[in-house]
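Naming: A, B, ... by sequence-line order, numbering from 1 per chain. All figures in this text were calculated on a predicted structure; none of them were measured in a lab.
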Amino acid sequence: MNAPPSSKGKLRYRAYFWLMDGALAASAFLWANFFVFRMTGLEVFGLPEIVQNILAIFLWPFGVVAPIFLLFARFMRDEYSEQLWRRTVVILAYVTAIVPLAYFSVAWATFFALGQPDDPPAIFAWSVEQVKWGNAIWYSFSVYVQMFIFIFQFLRWRDSR
Amino acid sequence: MTDASLQKEPMRYRLYYWLMNAALVYEIFAHALITGYGLVPGDLDPLIEGLIRTVLVIFQLMIVPLLIIIPWWRDEYADLLWKRTMVQLAFLMTVVPPALLAVITVISEIFIQGNLSNWGGNRPDWLLDPLLKETWVLNTAFSIWVMFTSAFVVLFQWNRWRDSR
């Protein structure tokens with residue numbers, strides 16, 4: 001990912017992009033881990049425990065704390081990243097409004113048309129699993145802030161080409 | 001909220017504000033129903049119940065999402081309000097869940113599992129009940145999405161009201 005020209009400014013402006021890259025790496029790892037776990041049942045790619053512990057030290061601050069911080073840290077954004085941030089929030093708003101609705105519509109339409117199957121296909125199977133409310137809030141929140149990172153980095157990557 | 005200046009605008013712009021107001025009324029009505037009855041009172045005439053359910057579905061699944069999604073429905077001012085609202089919503093979505101969970105965790109760790117005392121048999125275990133309740137993933141996702149859309153409508157109208165004063 002080529003750094004855009006504006007990142008030659010003050011240290012805190014550059015640090016914003018460094019943190020962004022760290023957050024992207026951590027978020028991408030967490031999502032990859034989630035999908036691999038769901039599909040194969042392999043936990044943390046079957047890595048040895050010592051590696052898992054070292055990774056956890058990195059994943060927690062970068063995957064969850066950094067996105068919250070980056071969403072707020074106005075003082076660390078120069079003009080370019082502030083503009084990127086605004087575009088990201090708009091796209092995030094559309095995504096948050098549309099994607100769940102689309103999923104519900106497809107799921108309900110399928111259940112309505114076919115009846116609710118005892119053993120639904122994988123894409124619907126997880127939606128009828130049981131989950132604790134506390135965990136559900138935590139997952140939604142993590143997905144939201146990590147989507148912020150993904151969209152921001154995607155826009156930045158597209159600008160840099 | 002004065003709509004006098006909007007009279008000469010195209011129909012769809014006026015319709016946007018009009019439906020926004022209707023959506024606010026819907027949110028208050030729906031959340032009152034959810035708080036009071038779970039969703040719909042049980043002892044209603046089937047016709048009235050069907051009518052209420054239809055209104056709920058039309059607003060929650062069609063009108064409110066369309067108010068958020070369609071860009072050409074908003075005039076310049078509504079677009080500005082929309083953007084401000086979404087920035088506020090992004091902050092809220094980022095702060096409220098971890099703050100909520102942090103408070104609950106502190107309560108849980110210190111007061112409930114910390115065994116400071118037995119509370120004279122009145123230990124507030126029920127504080128954690130809502131979070132430990134299990135339900136479908138689809139159900140939680142839908143509820144959280146409903147809260148997001150409701151917060152949009154309420155915040156949008158709040159910003160508009162503050163501007164108009």
Side-chain angles (χ1 to χ4, degrees), chain A residues 64-74 82 85-111 116 120 123-149 151-152, chain B residues 57 60-62 64-71 74 79-80 82-105 107-108 127-153 155-156:
Chain A
V64 179
V65 183
I68 305 176
F69 178 74
L70 290 169
L71 208 141
F72 276 93
R74 173 73 188 85
E82 178 68 15
W85 185 88
R86 290 196 168 272
R87 281 160 61 199
T88 308
V89 168
V90 168
I91 294 176
L92 192 58
Y94 282 119
V95 169
T96 318
I98 294 172
V99 173
L101 181 64
Y103 184 83
F104 302 144
S105 313
V106 173
W108 284 327
T110 313
F111 290 166
Q116 195 165 317
I123 188 161
F124 296 131
W126 72 278
S127 71
V128 292
E129 279 170 21
Q130 297 279 309
V131 65
K132 289 198 181 88
W133 259 105
N135 292 343
I137 294 174
W138 179 252
Y139 295 147
S140 322
F141 156 77
S142 322
V143 168
Y144 188 83
V145 288
Q146 285 159 7
M147 279 306 291
F148 165 75
I149 299 291
I151 296 171
F152 187 100
Chain B
V57 166
Q60 186 57 55
L61 294 181
M62 291 173 63
V64 172
L66 287 182
L67 286 172
I68 298 178
I69 292 166
I70 299 182
R74 303 188 286 264
D79 202 53
L80 206 74
W82 186 94
K83 284 208 177 100
R84 270 166 59 197
T85 306
M86 281 313 179
V87 168
Q88 292 164 352
L89 258 186
F91 288 146
L92 279 182
M93 288 283 287
T94 316
V95 171
V96 173
L100 186 76
L101 292 176
V103 168
I104 300 274
T105 310
I107 291 173
S108 158
L127 271 174
L128 292 183
D129 285 353
L131 289 181
L132 295 177
K133 207 167 69 184
E134 290 209 343
T135 179
W136 286 10
V137 169
L138 196 63
N139 195 354
T140 60
F142 182 67
S143 305
I144 291 169
W145 181 76
V146 166
M147 283 177 220
F148 178 83
T149 52
S150 314
F152 167 78
V153 171
L155 273 178
F156 185 97

Find the one option among B:L61, B:L101, B:V64, B:T94 whose heavy-atom pairs under 4.5 Å with chain A are most numerous. B:T94
Spacing of B:Q60 atom CD and A:L101 atom CG [to the nearest 0.5 Å]: 9.0 Å
To the nearest 0.5 Å, what is the distance between CD on B:E134 and CD on A:E129? 11.0 Å
Sub-3.5 Å donor-acceptor pair from the side chain of B:W145 to the main-chain atoms of A:A97, do we have one? yes
Among B:I104, B:I144, B:T149, which has the most heavy-atom pairs under 4.5 Å with chain A? B:I144
Is it the side chain or the backbone of B:K83 that comes within 4.5 Å of chain A heavy atoms, both, or neither? side chain
Within residues 64-73 of chain A, which positions have a heavy-atom distance to chain B below 4.5 Å? A:I68, A:L71, A:F72
Of the backbone (N, CA, C, O) and the side chain (C-beta and beyond), which part of A:Y139 lies under 4.5 Å from a heavy atom of chain B, both, or neither? neither
Please report the shortest heavy-atom distance between B:I69 and A:Y94, naming the atom on each side. O-CE2, 3.0 Å
Tell me, for A:W138 versus chain B, whether the close heavy atoms (under 4.5 Å) come from the side chain, the backbone, both or neither. both
Residue pairs involving residues 131-145 of chain A (criterion salt bridge (charged side-chain N to carboxylate O under 4.0 Å, His left out); sequence neighbours excluded): none
Is there side-chain contact between A:F141 and B:L100, with heavy atoms separated by less than 4.5 Å? no
Between A:T96, A:N135, A:I137, A:I98, which shows the greatest number of heavy-atom pairs under 4.5 Å with chain B? A:T96
Over all atoms of both residues, closest heavy-atom pair of A:W133 and B:S143: CH2-CB, 3.5 Å
Can you tell which part of B:F91 gets under 4.5 Å to a heavy atom of chain A, answering side chain, backbone, both or neither? both
Interchain contact, A:V145 with chain B, by part (heavy-atom threshold 4.5 Å): side chain
Which portion of B:I68 sits near chain A, non-hydrogen atoms under 4.5 angstrom: both
